[in-house]
Protein chains: 2
Amino acid sequence: MGNPLPRDPIADAQRNWERHGWGDVAAPMAAITAIMRTQQILLARIEGVLKPFGLTFARYELLALLSFARSGALPMNKASALLQVHPTSVTNAVDRLQDAGLVVRSPHPTDGRTTLIELTAEGRTLAKSATAALNTEVFGQSGFASQDVDQLIGILGKFRRNAGDFAD
Amino acid sequence: MGNPLPRDPIADAQRNWERHGWGDVAAPMAAITAIMRTQQILLARIEGVLKPFGLTFARYELLALLSFARSGALPMNKASALLQVHPTSVTNAVDRLQDAGLVVRSPHPTDGRTTLIELTAEGRTLAKSATAALNTEVFGQSGFASQDVDQLIGILGKFRRNAGDFAD
DNA sequence: TCCAAACCCTTGGATGTCCTAGTATATTGC
DNA sequence: GCAATATACTAGGACATCCAAGGGTTTGGA
């Protein structure tokens, strides 16, 4: 999409903020902008690895979640809560995964409102392969130093708890 | 979108990874997933603040970038490079900002291929107001401790340079 | 000089996310 | 027991992002 810039655009933005008298919030602004950009870079890497499997990150996440469920099945609302995305996003992902034969919808045995998403054998196999690829090509070469990984987990964990993600 | 979960879903995922024998990449996986989720939370906050201004984050970023350019104008390819998004995303954003009367397209004086994006007076005013709101309601209450902000800027800066964002 | 290669922007298509209903099923309260 | 409320999923629309392809403009080497 582009070649390296001569200078860090986020550091430039931070300087602009300071120059305009917003020095008190310049650093948080830079940190937040850096998070946005880092997410973009990581997502691109992940999608690149998943593409050969015919998966996107959203679909992979759902597949992986199901593969960790004992029964290989979850109610849609549960999946929505655990993945922390809007229910309509799950509907969308399930539609496509079902078209690809990786999951099937089945009615909940006791609650007529609820739909279960169930992994097919093919889906389970693909999830395993895709996870192996991600482990090798992304998580295993994240570009973060080991102690930085720990820092990130700690800092972002605090933030997420504070933001109301979980009570723990 | 959802209530707090009883437990941290990312910590659970990390435990799942370890349980399946992928302990060597479990931590980077958790860190990367945390970045994805944090970005989602921050984006939602930002968009919430910008909504009353009729702006999205993508449009705000372009507006802010223009407001820092001396002349208040930039070539589209320059904007694309600085914002680090695909050129078509800039086309999209400019279309909508132009419909809203916040920017105008004008031909480049010497290069017939290039289109300049220029801030209107109205655009400049709105950018100022929106920035003030973001500073107060998001960056000023980021939820990150001061030393964590510095950590993030450092760690993510290293990562972005390493990923080829900038040479600096 | 002149044509091929490089560059710039836009259009069209695929995905994902969220929001706002709308339909169907459960649960609650009187 | 029945109406009111809550919950679950889906349909349609608005946005943003990327990729692939197309048409116009410049540049540079033969």
Side-chain angles (χ1 to χ4, degrees), chain A residues 1-3 36-37 39-48 50-51 53-63 74-100 103-117, chain B residues 1-3 36-37 39-48 50-51 53-63 74-100 103-117:
Chain A
M1 183 172 37
N3 300 313
M36 310 296 264
R37 173 59 185 157
Q39 186 268 351
Q40 188 182 18
I41 293 169
L42 291 169
L43 181 60
R45 285 191 195 167
I46 291 171
E47 303 252 77
L50 293 177
K51 199 181 192 68
F53 297 94
L55 291 174
T56 62
F57 185 49
R59 296 178 210 172
Y60 167 75
E61 277 198 298
L62 183 49
L63 228 47
L74 277 179
M76 296 197 54
N77 64 335
K78 196 96 178 174
S80 166
L82 291 173
L83 295 175
Q84 306 187 255
V85 296
H86 200 277
T88 55
S89 296
V90 176
T91 295
N92 186 323
V94 171
D95 284 348
R96 299 170 192 283
L97 287 172
Q98 191 165 38
D99 288 347
V103 305
V104 290
R105 280 180 169 89
S106 60
H108 190 285
T110 65
D111 189 333
R113 297 169 300 181
T114 300
T115 300
L116 291 176
I117 325 165
Chain B
M1 184 173 33
N3 300 312
M36 309 297 263
R37 174 57 185 157
Q39 187 267 353
Q40 187 183 19
I41 293 169
L42 290 170
L43 182 59
R45 284 191 194 168
I46 291 171
E47 302 252 78
L50 292 176
K51 199 181 192 69
F53 296 96
L55 292 174
T56 62
F57 185 48
R59 297 178 211 171
Y60 166 76
E61 277 198 298
L62 182 51
L63 228 48
L74 277 179
M76 297 199 52
N77 64 334
K78 194 95 178 178
S80 168
L82 291 173
L83 296 176
Q84 306 186 256
V85 296
H86 200 278
T88 55
S89 297
V90 176
T91 295
N92 185 322
V94 171
D95 284 348
R96 298 170 194 282
L97 288 172
Q98 190 164 40
D99 288 347
V103 306
V104 291
R105 281 181 168 90
S106 60
H108 190 287
T110 66
D111 190 333
R113 297 170 298 184
T114 301
T115 300
L116 291 177
I117 325 165

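Order of the sequence lines fixes the chain letters, A, B, ..., with proteins taken first and strands second; residue numbering starts at 1 for each chain.
- Out of C:dT11, D:dC9, C:dG16, the shortest distance to the side chain of A:Asn77 is found at D:dC9.
- Using a 4.5 Å cut-off on side-chain heavy atoms (C-beta onward), B:Asp95 and B:Arg105 make contact.
- Taking CG of A:Asn77 as the start and CD1 of A:Ile117 as the end, the distance is 9.0 Å to the nearest 0.5 Å.
- Between A:Met76 atom CE and D:dA11 atom P the separation is 10 Å, expressed in whole Å.
- The shortest distance between the side-chain N/O atoms of B:Thr88 and the OP1/OP2 oxygens of C:dT10 is not below 4.0 Å.
- Looking only at side-chain heavy atoms (C-beta outward), B:Leu55 and B:Leu63 come within less than 4.5 Å of each other.
- Side-chain atoms of B:Ser89 and base atoms of D:dC18 include no donor and acceptor less than 3.5 Å apart.
- Residue-level contact check: A:Thr91 touches the bases, meaning some heavy atom is under 4.0 Å from a base atom.
- The residue among A:Glu61 and A:Arg113 whose nearest nucleotide of DNA chain C lies closer to the 5′ end is A:Glu61.
- Summarising the geometry, atom OG belonging to A:Ser89 is positioned 11.0 Å from atom CG belonging to A:Leu62; distances are rounded to the nearest 0.5 Å.
- A sub-4.0 Å separation between OP1 or OP2 of C:dC19 and a side-chain N or O of A:His86 is present.
- Not a single donor-acceptor contact under 3.5 angstrom links the side-chain atoms of B:Thr115 to the base of C:dC8.
- Of the two residues contacting DNA chain C, namely A:Thr56 and A:Asp111, the nearest-nucleotide position lying further toward the 5' end is that of A:Thr56.
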